[in-house]
Amino acid sequence: MPPARRPGRRPGPPRIAFLGDSVSWSLGTYLPEQEKFTVSVRAVQGCGIARLPEVRYIGEPHPNYPGCEHWDARWQRGVRADDPDVAVILLDRWELMDRKLDGRWQHVGQPDFDRYLAGELDKAVGIAAGRGAHVTLLTAPYTRRAERPDGGLWPEDDPARVDAWNRLLRAAAERHHATVLDLNRRACPEGRFAWEAGGVRVRSDGLHFTPEGVQRWIAPWLLPELYRLAVRGA
């Protein structure tokens with residue numbers, strides 16, 4: 001069944017585009033090839049949507065990577081090129097770090113920083129929907145990228161920050177009539193970080209997905225949902 005939601009769409013099978021950071025890249029890239037629809041990956045490795053230049057990562061100063069301040073232009077080019085029926089946004093690491101806003105180190109979950117992130121998220125959803133695609137937001141899974149010397153978690157791996165970010169996602173979805181799919185619940189079915197789920201290793205380094213985890217555990221849940229959205233709309 002061809003997509004019925006978008007009059008004037010380009011001909012061909014339904015198209016699904018992945019936007020976001022390297023976590024999104026690992027998910028979209030490792031999906032098995034499909035016959036019913038095409039998948040493109042426009043996620044930018046090393047770049048989220050937070051672009052404040054002063055960043056603290058694993059307790060140390062960390063710059064934005066070159067070009068990240070122009071993530072919006074890069075997304076726009078990808079959306080124009082792909083003309084997706086569904087645009088999938090997955091963001092994780094770069095929105096959870098401490099960044100300096102108004103002269104103070106702040107993070108997700110604090111009111112001023114949440115307002116900043118909500119503005120960037122509104123821009124991201126608007127770009128993703130720019131050619132009429134239905135936008136799907138994937139919740140960020142819990143992470144465990146590195147441990148502090150004392151064995152504790154660095155702030156950007158704090159589950160409370162992930163929860164705060166996912167609340168912002170859900171609020172944005174309500175504002176923009178987007179869909180939220182709970183990737184966190186799929187990747188972390190016990191409600192906490194997990195290396196394995198469904199009997200397979202799903203995380204390679206505490207952050208990114210493994211090919212096996214995507215193909216055997218995430219894809220069987222995610223792909224039918226995305227196909228349904230592509231052919232019928234939300």
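The chain is numbered in sequence order, starting from 1.
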- What residue among Arg161, Gln106, His62, His107 forms side chain to side chain donor-acceptor pair (under 3.5 Å) with Asp98? Arg161

- Item | For Arg216, all residues meeting side chain to side chain donor-acceptor pair (under 3.5 Å), sequence neighbours excluded | Glu212

- Message: Are Ile49 and Ile89 packed together at the side-chain level, in the sense that at least one heavy-atom pair is separated by less than 4.5 angstrom?
- Response: no

- Show the numbers, then the answer: is there a side-chain contact (heavy atoms from CB on, under 4.5 Å) between Ser22 and His208? CA-CA 7 Å; Ser22 61; His208 302 94; 2.7 Å; yes

- Gap between atom CZ of Arg185 and atom OG1 of Thr139 - 0.5 Å precision: 10.5 Å

- Applying ring-ring contact (aromatic ring centres under 6.0 Å, His included) to His70 and not counting sequence neighbours gives none

- Message: With a 4.5 Å cut-off on side-chain heavy atoms, are Leu137 and Val125 touching?
- Response: yes

- Query: Which of these passes side-chain contact (heavy atoms from CB on, under 4.5 Å) with Asp82: Arg77, Arg15, Arg42?
  - Reply: Arg42

- Would Thr143 and Arg93 satisfy side chain to side chain donor-acceptor pair (under 3.5 Å), going step by step from the backbone distance to the final call? CA-CA 9 Å; Thr143 61; Arg93 200 63 173 172; 3.1 Å; yes

- Query: Is any side-chain N of the basic residue among Arg175 and Asp122 closer than 4.0 Å to the acidic one's carboxylate O?
  - Reply: yes

- Do the rings of Tyr65 and Trp94 sit parallel, tilted or perpendicular, given the 30° and 60° boundaries? perpendicular

- For Asp163 and Tyr142, run side chain to side chain donor-acceptor pair (under 3.5 Å): C-alpha distance rounded to whole Å, both residues' side-chain angles, the deciding distance at 0.1 Å, then the answer. CA-CA 9 Å; Asp163 292 340; Tyr142 297 127; 2.6 Å; yes

- Query: Looking at residues at least two apart in the chain, or sitting in another chain, which of them share a disulfide (SG to SG under 2.5 Å) with Cys68?
  - Reply: Cys47

